[in-house]
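Beneath this line is the structure, given in structure tokens, with notes to follow.
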Amino acid sequence: MKKITIIGANSYIARNVIYTLKNNYSEYELYLYDRAAEQVDNETNYKSIDILNLEDVNKINFQTDIIFMFIGKTGSINGYDDYDTFIDINEKALLNILNAYRNFNSKAKIIFPSTRLVYKGKKGLLKEDDKKEFKTIYAINKYACENYLKQFHDVFGVNYCIFRICVPYGTLIAQASSYGTAEFMINKASNGQNITLYGDGSVRRTITYMGDLCKVLIEGAISAECCNDIYNIGGENYSLKEMAELIAERYNVGISYVPYPEISYKIETGDTVFDDMKINNIIPVKYTGKFNTWIKNL
């Protein structure tokens, strides 16, 4: 039986990946780790670890085929005040994993989720080698981690695969949700409040249904061709206004357009719409999630 290690097993994406693996990839044995005393979905083969404690890190099973690294701290403005935590959880945690990996002579492929926020936004599609820009501590954290992975590959032979994710939405597990764009809008609208958009809401994003996201992450992890490189994950192309209109109609609320607060304006990236041909050339991806249908069925 093949083996998969999942670090950060209580996170939003990890919970959905675990669900997908257990229901569609039963040939894999899972080893789960996170800081909490219990795995939130009561999955077995789970251990509580402190990712910043080297003794705890050494308790992780590195003798597996695949290692998913889902531990991380997201955020925008709060990174400026809480930079210690952002550097510890996003960068130092990965470095701990990488050093343990080489000390255990692991051959596993590390799967690392990165973010749209490493890109300088532009009109049109963004390819993996397009211009980068870092407007938050979190964006720098993620780009630093991408480069740590490449360095450890070049120097120590660590195997990795980086997937840049734009805006995920939805869940395969009840109560597993993020604090992302779609969920923010839905939370307001479902409570009878108007959805608030900065500016005219014209900025565009790639949005990816969680079921599709999990398939790409897992199939990419399994594929021998998808290795030691960076890949955009695709989906649908929506403006924030288009997303808000569908949600507002579903919950019978309005949309309030307000000027950008000064700091929010300074860290706004502009359009981030992904070109995903690179991964599609390796794994023919069929995105089944449709945002307008998903909203109607909530």
Side-chain angles (χ1 to χ4, degrees), residues 11-13 15-16 73-82 115-126 133 135-139 164-214 232-274 276 287-298:
S11 68
Y12 165 53
I13 296 178
R15 292 172 66 189
N16 283 278
K73 183 172 178 62
T74 63
S76 52
I77 298 170
N78 54 328
Y80 291 100
D81 295 320
D82 196 15
T115 175
R116 70 177 184 86
L117 296 170
V118 302
Y119 288 114
K120 180 177 176 62
K122 69 171 188 179
K123 299 296 182 183
L125 299 180
L126 286 163
E133 185 176 50
K135 293 192 171 186
T136 62
I137 302 296
Y138 175 67
R164 292 187 181 139
I165 300 168
C166 196
V167 177
Y169 72 91
T171 181
L172 305 174
I173 301 175
Q175 307 305 318
S177 63
S178 74
Y179 298 97
T181 303
E183 284 74 13
F184 173 78
M185 294 181 185
I186 290 168
N187 285 341
K188 294 201 73 171
S190 63
N191 288 313
Q193 302 174 36
N194 284 355
I195 298 169
T196 302
L197 292 180
Y198 294 151
D200 61 5
S202 62
V203 292
R204 305 193 72 83
R205 304 278 189 259
T206 290
I207 63 172
T208 312
Y209 176 62
M210 182 52 63
D212 295 328
L213 178 61
C214 290
N232 289 336
I233 294 182
E236 296 181 281
N237 177 347
Y238 269 83
S239 70
L240 299 186
K241 179 181 178 181
E242 289 166 346
M243 293 175 68
E245 287 174 342
L246 288 170
I247 295 169
E249 180 181 1
R250 165 66 178 81
Y251 290 99
N252 195 29
V253 298
I255 302 173
S256 300
Y257 296 91
V258 301
Y260 274 92
E262 182 180 1
I263 294 178
S264 296
Y265 181 76
K266 288 179 178 179
I267 65 173
E268 169 58 49
T269 60
D271 291 0
T272 46
V273 180
F274 285 178
D276 65 344
Y287 295 100
T288 59
K290 300 297 179 185
F291 187 73
N292 58 352
T293 303
W294 179 76
I295 289 297
K296 291 176 183 177
N297 291 331
L298 285 178

Review point. Excluding sequence neighbours, so at least two apart, what forms salt bridge (Lys or Arg N to Asp or Glu O under 4.0 Å) with E245?
Key: none
Review point. Would you say K135 has more than 12 foreign heavy atoms packed within less than 6.0 Å of its NZ?
Key: yes
Practice item. Report yes or no: does T208 contribute a side-chain atom to a donor-acceptor pair with the main-chain N or O of G234 at less than 3.5 Å? Key: yes
Check your understanding: Looking at R116 and C166, what are the two nearest heavy atoms and their distance?
Key -> CD-SG, 3.4 Å
Check your understanding: How far apart are the closest heavy atoms of F291 and A182, and which atoms are they?
Key -> CE1-CB, 4.2 Å
Check your understanding: Who passes ring pair (Phe, Tyr, Trp, His ring centres under 6.0 Å) against Y138, sequence neighbours left out?
Key -> none
Check your understanding: Would you find a donor on one side and an acceptor on the other, under 3.5 Å apart, between the side chain of N232 and the backbone of L126?
Key -> yes
Review point. Are any of the side-chain heavy atoms of E133 and T269 separated by less than 4.5 Å?
Key: no
Practice item. May I ask you to test the V203-E268 pair for a side-chain heavy-atom distance under 4.5 Å? Key: yes
Check your understanding: Considering all heavy atoms of both residues, which atom of A139 and which atom of L117 are nearest to each other, and what is their separation?
Key -> CB-O, 3.4 Å
Point to revise | Minimum-distance pair of heavy atoms, taken over all atoms of G201 and S239 | key: O-CB, 3.7 Å
Exercise for review: Check whether any side-chain heavy atom of M210 sits under 4.5 Å from a side-chain heavy atom of I13, and report yes or no.
Suggested key: yes
Practice item. Please state whether the rings of Y209 and Y169 are parallel, tilted or perpendicular, taking 30° and 60° as the class boundaries. Key: tilted
Review point. Should the heavy atoms of other residues, nucleotides or ligands under 6.0 Å from CG of L298 be counted, would the total exceed 12?
Key: yes
List the atom pairs, donor and acceptor, that lie under 3.5 Å between side-chain atoms in residues 253-262 and the rest of the protein, sequence neighbours left out.
{"from": "E262", "atom 1": "OE2", "to": "K266", "atom 2": "NZ", "distance (Å)": "3.2"}

Exercise for review: Would you indicate whether Y287, at its atom OH, is surrounded by more than 12 heavy atoms from other residues, nucleotides or ligands within a distance under 6.0 Å?
Suggested key: yes
Review point. Heavy atoms, side chains only, cut-off 4.5 Å: are L246 and E242 in contact?
Key: no
Point to revise | Side chain proximity check, M243 to I195, heavy atoms < 4.5 angstrom | key: no
Exercise for review: Rounded to the nearest 0.5 Å, what's the gap from OG1 on T74 to OH on Y12? Could you check?
Suggested key: 11.5 Å
Review point. If you draw a 6.0 Å radius around CD in E249, do more than 12 non-hydrogen atoms from other residues or ligands fall strictly inside?
Key: no
Point to revise | Close side-chain approach of I186 to I295, heavy-atom, < 4.5 Å | key: yes
Review point. Got a sec: does the CG of N191 have more than 12 other heavy atoms crowding it under 6.0 Å?
Key: yes
Check your understanding: Counting N and O atoms only, with roles assigned by atom type, does the side chain of T206 sit under 3.5 Å from a partner on the main chain of F274, one being a donor and the other an acceptor?
Key -> yes
Exercise for review: Test D271 against every option in R204, K122, K123 by the salt bridge (Lys or Arg N to Asp or Glu O under 4.0 Å) rule and name the one that passes.
Suggested key: K123
Review point. Would you say the side-chain atoms of N16 pair up with the backbone N or O of T171, donor to acceptor, closer than 3.5 Å?
Key: no
Review point. Would R164 count as a cation-pi partner of Y119, with NZ or CZ less than 6.0 Å from the six-membered ring centre and within 45° of the ring normal?
Key: yes
Point to revise | L240 CG to D200 CG distance, which is reported to the nearest 0.5 Å | key: 9.5 Å
Study note, to complete from the structure: Tightest non-hydrogen contact, residues D212 and G289, listed as OD2-N, 2.8 Å
**Study point:** Any donor-acceptor N/O pair, N297 side chain to T293 backbone, under 3.5 Å
**Key:** yes
